[in-house]
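Here is the structure we will look at.
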Protein chains: 2
Amino acid sequence: MIREACPTLAPQRREHIRLLVRESGVARVEDLRRELKVSVATIRRDLEVLEEEGKVRRVHGGAVSTENRLDEAVFDDKTNQFSKQKRAIAEEAYQLIGQEESLFLDGGSTTLCLARLLKNRNDLTVVTNSLRAAAELANSEPRVILTGGELRKISQTMVGPLTSAVLSQVRVDRAFMGTMGFCLKNGLTTTDPNEAFVKGLVAEQAVQVVLLADSSKAEKVSFARVSDWDKVDILVSDQNLPPIFTKSLPKRGLKVCVV
Amino acid sequence: MIREACPTLAPQRREHIRLLVRESGVARVEDLRRELKVSVATIRRDLEVLEEEGKVRRVHGGAVSTENRLDEAVFDDKTNQFSKQKRAIAEEAYQLIGQEESLFLDGGSTTLCLARLLKNRNDLTVVTNSLRAAAELANSEPRVILTGGELRKISQTMVGPLTSAVLSQVRVDRAFMGTMGFCLKNGLTTTDPNEAFVKGLVAEQAVQVVLLADSSKAEKVSFARVSDWDKVDILVSDQNLPPIFTKSLPKRGLKVCVV
DNA sequence: TTGTTTTTGATCGTTTTTGATGGAATTGCA
DNA sequence: TGCAATTCCATCAAAAACGATCAAAAACAA
């Protein structure tokens, strides 16, 4: 028998190879053959295509990764670390959204979870300075507007004067924001001043500001001041949120949702 | 019997297919046939329609989801068909770039190839309205500035007044641009007026404008006027470029590179 | 009803993909 | 360096998938 029915589509198989190569940095043809149950000829042809696309670089015996694995791993780790809580928080936040609204999403893994939930909503306009959120929504229903600006690689967000210029031209019904830390005294803080400035600007202009922050951020203080509590309308967090917040914040006019 | 009563309406069946494809990311024609109890011919016709609508992307043996996967460098079959040429054009264009320059990259597969070549250059500033180019450079060396604006899903580029506003604030040494079509009489044309406007704006402001266009674009005229030849400084194309261009354009002050 | 259009399924020649084979190239080791 | 083992590449044949085409059935209009 020369050939049996192909169980997987070629692009799917190639994607599999790409992931395997990226995961361990290298992959041997022979290992890929065993893993994917196809002939070495097919593996080689796939590697050829992937090299053409710039996804891997071929070497004698296999292929090595061309993608910068480290950066992505850092971000993905962060995405997974508290993913249960974060997803729950994102789902709660999603409930706040009405019809035909315009939203802002900033960078961060929780807002990225929220972005995923918006994919099938064709009535929304989503403004974001997060490249990841934009990528997530790039082929889905909502209207997407990017703020532009200089790309801050570590957070994959756009910041700086160009970002501010665009933000001054738009207004959103609801802004969903993350933060690196929050406490009663200092309000919201984050590591990067540029990032903080953008968040502050959005907080000024949004009709409603929703802070998405799991309890691990509580009582943390970071370098750059984002805004005080009076700019925030709703805090969505998890059950481990220290009671002091659920007590104090409502007195200051905030609504606190714990999931 | 040639045909039995159609149990489901065609749009309903296509929606079913769309959901199946989106759910698992891929679907084989054979599986869809079993699932939907129609002939493979019908499945293929449905996939053709869905591809036309941008809902799925057809591949040999079935279809894959178009959602997610920004890093999939494949817009359509054209990308693969001319990829050798496009990469050669991009490599030629890369030679034009000096030290410490600021560049603009617009949307399109050839400029995306070029973006890939810039990954290890830490002396460059890259301005782009292409989400794909930005994603490609998101974890690499060059400084990246996104223009912002409304995301045009079909081309994955940012366009509109917000884009214009940001572009008016920056100046680049070299702009690399693609086009849907070019001819001596009408200059550069593309399908979307918004896209054309952005390109035109960039052409005005860049010190040097480099047009990256393989020969398949020659003598094609599209709907929206981008700019006339006098805005373009260099055309990089392939050997199949009709001789009329290599003759006429230098007389109009352009340099023509054929790879 | 009758005639027309649309949709579906079958057929057939063509294209694409895959696996095997044999010779060339590369690597590792003495 | 020389030699053996492995890996690569070009080529070919089989199988699967594809596209074009046509005919039957259904839906539709008059």
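Note on naming: letters A, B, ... go to the chains in the order of the sequence lines (proteins, then strands), and numbering restarts at 1 for each one.
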If you only use heavy atoms from C-beta on, which nucleotide in dC8(D), dT18(C), dG9(C) is closest to the side chain of Thr42(B)? dG9(C)
Calculate the interatomic distance between Arg34(A) atom CZ and dG19(C) atom C1'; express it in whole Å. 18 Å
Starting at the 5' end of DNA chain C and moving along, which residue's nearest nucleotide shows up first, His60(A) or Arg14(A)? Arg14(A)
Starting from P on dA20(D), measure out to CD on Glu48(B) and report it in whole angstrom. 7 Å
Apply side-chain hydrogen bond (donor to acceptor under 3.5 Å, both in side chains) to the pair Lys86(B) and Ser109(B), showing each step before the final yes or no. CA-CA 8 Å; Lys86(B) 285 181 177 172; Ser109(B) 47; 2.9 Å; yes
Quickly work out the Asp31(B) CG to dA17(D) C1' distance and round it to whole Å. 14 Å
For Arg45(A) and dC9(D), is the shortest distance between a side-chain N/O and OP1 or OP2 below 4.0 Å? no
Classify the nucleic acid contact of Val38(A) as base, sugar-phosphate or nothing, counting any heavy atom under 4.0 Å across all strands shown. sugar-phosphate
Starting from the 5' end of DNA chain C, give me the residue, Asp46(A) or Ser39(B), whose nearest nucleotide shows up first. Ser39(B)
Are Arg22(B) and Asn120(A) close enough that a side-chain donor and a side-chain acceptor fall under 3.5 Å? yes
Look at the side-chain N and O atoms of Arg13(B) and state whether any lies under 4.0 Å from the OP1 or OP2 oxygen of dT8(C). yes
How long is the line joining NZ of Lys37(B) and P of dT7(C), in whole Å? 23 Å
Rounded to whole Å, please give me the gap between CD1 in Ile43(B) and P in dA16(D). 19 Å
Would you say dT16(C) has OP1 or OP2 under 4.0 Å from some side-chain N or O of Arg58(B)? no
Categorize Val40(B) for me: base, sugar-phosphate, or nothing, with a 4.0 angstrom heavy-atom threshold over every strand shown. nothing
With a non-hydrogen cut-off below 4.0 angstrom, is Arg33(B) in contact with a base, only sugar-phosphate, or nothing? nothing
Check whether the side chains of Thr125(B) and Glu101(B) place a donor and an acceptor atom closer than 3.5 Å, and report yes or no. no
Arg57(A), CZ: over 12 other non-hydrogen atoms inside 6.0 angstrom: no
